[in-house]
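Structure, as structure tokens:
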Amino acid sequence: MTGTRRALASRGRLLPVAACPAALACLLAACGSAPAVTSGAKSAGDAVASPAALRSSDPATASPAPSPTPTAAAKPLAGITVGIDPGHNGLNGTDPSFINHIIWNGRENETCDTTGTQTAGGYTEARYNFNVARYLRAALRADGAHVVMTRPDNNGVGPCVDRRAQILNHSGAQVAIDIHADGGPAWGRGFTVLEPVADGPNDQVIGSSERFGADVRAALLAHTSMPESDYYGSHGIQFRNDLAGLNLTTVPKVLIESGNMVNATDAAMLTSPRFQRQFAAALLAAILTFLHK
């Protein structure tokens with residue numbers, strides 16, 4: 001969750017689903033029976049599907065006879081590094097002295113991190129963020145990518161938001177995504193793509209980040225039932241100059257507020273393993289579109 005400010009809309013070209021790799025087709029269909037690994041209380045189906053499971057029940061890859069396993073060179077993301085920052089962490093609330101210490105975000109001081117938001121039923125944003133990140137990581141790896149995540153699980157504290165930017169900047173990633181969900185007004189619905197404003201460190205990736213943001217917006221509209229936000233930004237896009245993850249990035253990057261956890265309709269979607277898989281599939285589609293333009 002990150003708050004609100006001024007916005008601008010943009011549109012991007014989206015790869016047809018039929019042309020996308022099997023990992024995307026399977027995620028969109030929410031195939032496989034194992035949902036996302038989580039920390040804390042588990043809801044039904046909250047475990048991660050392996051790349052093999054993501055592909056195994058996809059009709060597009062079915063064959064009456066065994067076929068050779070594709071080589072890494074044949075995969076669409078072979079040789080590509082993608083960065084994922086699942087916002088917050090499951091135990092951030094247990095160490096306020098660490099989470100509240102001050103860091104420099106590229107323009108001004110801010111706290112190391114926050115706990116994030118949660119639904120009325122107590123399902124945390126940190127848990128949602130990590131579930132989607134795990135689904136996305138599995139699908140990216142299935143398509144040949146090397147994936148760098150800023151935290152390994154949902155059972156820790158931090159790292160701070162400036163450190164997360166550094167991890168992805170030093171990873172060699174060609175593109176990165178910060179995954180979040182918002183805590184807006186109870187009446188408000190929808191996703192918002194947050195894009196960076198030039199401030200020095202990120203000057204070279206402003207244009208590419210805007211193109212990636214347009215691809216993310218288009219993919220979410222095409223592949224999920226989550227609408228554009230009706231309370232934040234304009235046409236699903238918002239520029240921010242006060243977030244370390246965007247201010248300090250040297251990698252094309254956007255931050256996605258996936259929906260409003262305070263809104264009952266959005267909350268029911270965000271806590272669903274099926275929706276989490278579909279949201280990850282939309283992010284995969286956006287990454288494929290951005291990297292193959």
Side-chain angles (χ1 to χ4, degrees), residues 1-10 12 81-89 92 98-117 125-126 129-130 132-133 136 147-151 157-184 191-217 229 232-258 283 286-287 290:
M1 178 182 66
T2 57
T4 59
R5 280 201 180 103
R6 63 184 177 80
L8 179 70
S10 56
T81 298
V82 178
I84 305 175
D85 178 17
H88 311 292
N89 206 332
N92 274 7
F98 178 79
I99 290 304
N100 291 325
H101 84 262
I102 301 300
I103 59 92
W104 180 251
N105 74 7
R107 284 181 182 266
E108 58 190 2
N109 290 330
E110 68 171 290
T111 58
C112 161
D113 202 351
T114 69
T115 60
T117 189
E125 179 192 355
N129 298 341
F130 193 70
V132 173
L136 178 58
V147 181
V148 175
M149 299 231 313
T150 59
R151 57 183 174 105
V157 177
C160 295
V161 288
D162 59 335
R163 175 58 184 154
R164 291 170 188 251
Q166 293 166 5
I167 290 169
L168 298 184
N169 288 346
H170 297 156
S171 70
Q174 281 83 0
V175 66
I177 182 83
D178 292 355
I179 301 173
H180 285 256
D182 202 16
F191 73 82
T192 310
V193 181
L194 308 190
E195 299 183 359
V197 175
D199 64 0
N202 62 13
D203 286 359
Q204 301 305 309
V205 296
I206 295 300
S208 54
S209 295
E210 289 185 18
R211 292 193 297 275
F212 181 45
D215 293 333
V216 170
R217 172 184 175 274
S229 177
Y232 182 22
S234 176
H235 299 287
I237 300 291
Q238 174 75 33
F239 288 94
R240 290 289 295 266
N241 67 2
D242 59 337
L243 302 174
L246 298 181
N247 290 352
L248 299 175
T249 188
T250 57
V251 176
K253 185 202 287 187
V254 298
L255 184 155
I256 179 65
E257 295 282 19
S258 306
L283 297 182
I287 290 167
F290 174 76

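Residue numbers start at 1 and run along the sequence shown.
- The CE atom of Met149 sits 12.5 Å away from atom OG of Ser171, with the distance rounded to the nearest 0.5 Å.
- Nearest approach of Gly245 to Ala165, heavy atoms of both residues: CA-CB, 4.3 Å.
- In this structure, Asp182 contributes its side chain and Ser258 its backbone to no donor-acceptor pair below 3.5 Å.
- The CG atom of Asn241 sits 10.0 Å away from atom CG of Asn202, with the distance rounded to the nearest 0.5 Å.
- Contact detail for Phe239 and Val197: the closest heavy-atom pair is CB-CG2, 3.9 Å.
- Val161 places none of its side-chain heavy atoms less than 4.5 Å from the side chain of Leu243.
- Between Ile179 and Leu283 the shortest side-chain heavy-atom distance falls below 4.5 Å.
- The backbone N or O of Val254 lies less than 3.5 Å from no partner atom in the side chain of Ser209, so there is not a single donor-acceptor pair.
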query: Given Asp113 and Arg164, is the salt bridge (charged side-chain N to carboxylate O under 4.0 Å, His left out) satisfied, shown in steps?
result: CA-CA 10 Å; Asp113 202 351; Arg164 291 170 188 251; 3.4 Å; yes

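- In this structure Arg163 satisfies the side-chain contact (heavy atoms from CB on, under 4.5 Å) test together with Pro159, Gln166, Ile167, sequence neighbours excluded.
- Note that the CG atom of Leu194 and the CD1 atom of Ile237 stand 9.0 Å from one another [nearest 0.5 Å].
- Rounded to the nearest 0.5 Å, atoms NZ (Lys253) and CG (Asn169) are 6.0 Å apart.
- Two residues are said to be in side-chain contact when any heavy atoms from C-beta on lie closer than 4.5 Å; Gln204 and Thr250 fail this criterion.
- Pairing each heavy atom of Ala244 with each of Ile103, the nearest pair is CB-CD1, 4.4 Å.
- Partners of Phe191 under the ring-ring contact (aromatic ring centres under 6.0 Å, His included) rule, at least two apart in sequence or in another chain, do not exist in this structure.
- For the pair Asp178/Leu168, a side-chain contact is recorded, criterion being any heavy-atom separation below 4.5 Å from C-beta on.
- In terms of heavy atoms, Glu108 sits closest to Trp104 at CA-CZ3, 3.2 Å.
- Annotation: side-chain contact (heavy atoms from CB on, under 4.5 Å) contacts of Gln174 (sequence neighbours excluded): Ile80, Thr81, Leu291.
- Between atom CD1 of residue Ile287 and atom CZ of residue Phe212 there is a gap of 5.0 Å, rounded to the nearest 0.5 Å.
- Considering only heavy atoms from C-beta on, Val82 stays 4.5 Å or farther from Leu136 through its side chain.
- Under the 4.5 Å side-chain criterion, counting only non-hydrogen atoms from C-beta, Glu195 is not in contact with Leu246.
- When the side-chain contact (heavy atoms from CB on, under 4.5 Å) test is applied to Ala126, the partners found at least two apart in sequence or on another chain are His88, Thr124, Arg151, Asn154.
- With sequence neighbours excluded, the residues that form a side-chain contact (heavy atoms from CB on, under 4.5 Å) with Asn247 are Asn105, Arg107, Asp199.
- Atoms CD1 and SG, from Ile99 and Cys160 in turn, are 6.5 Å apart once rounded to the nearest 0.5 Å.
- Judged as a side chain to side chain donor-acceptor pair (under 3.5 Å), and not counting sequence neighbours, Ser229 has no contacts.
- The ring-ring contact (aromatic ring centres under 6.0 Å, His included) search around His170 returns none, not counting sequence neighbours.
- With sequence neighbours excluded, no residue forms a side chain to side chain donor-acceptor pair (under 3.5 Å) with Asp162.
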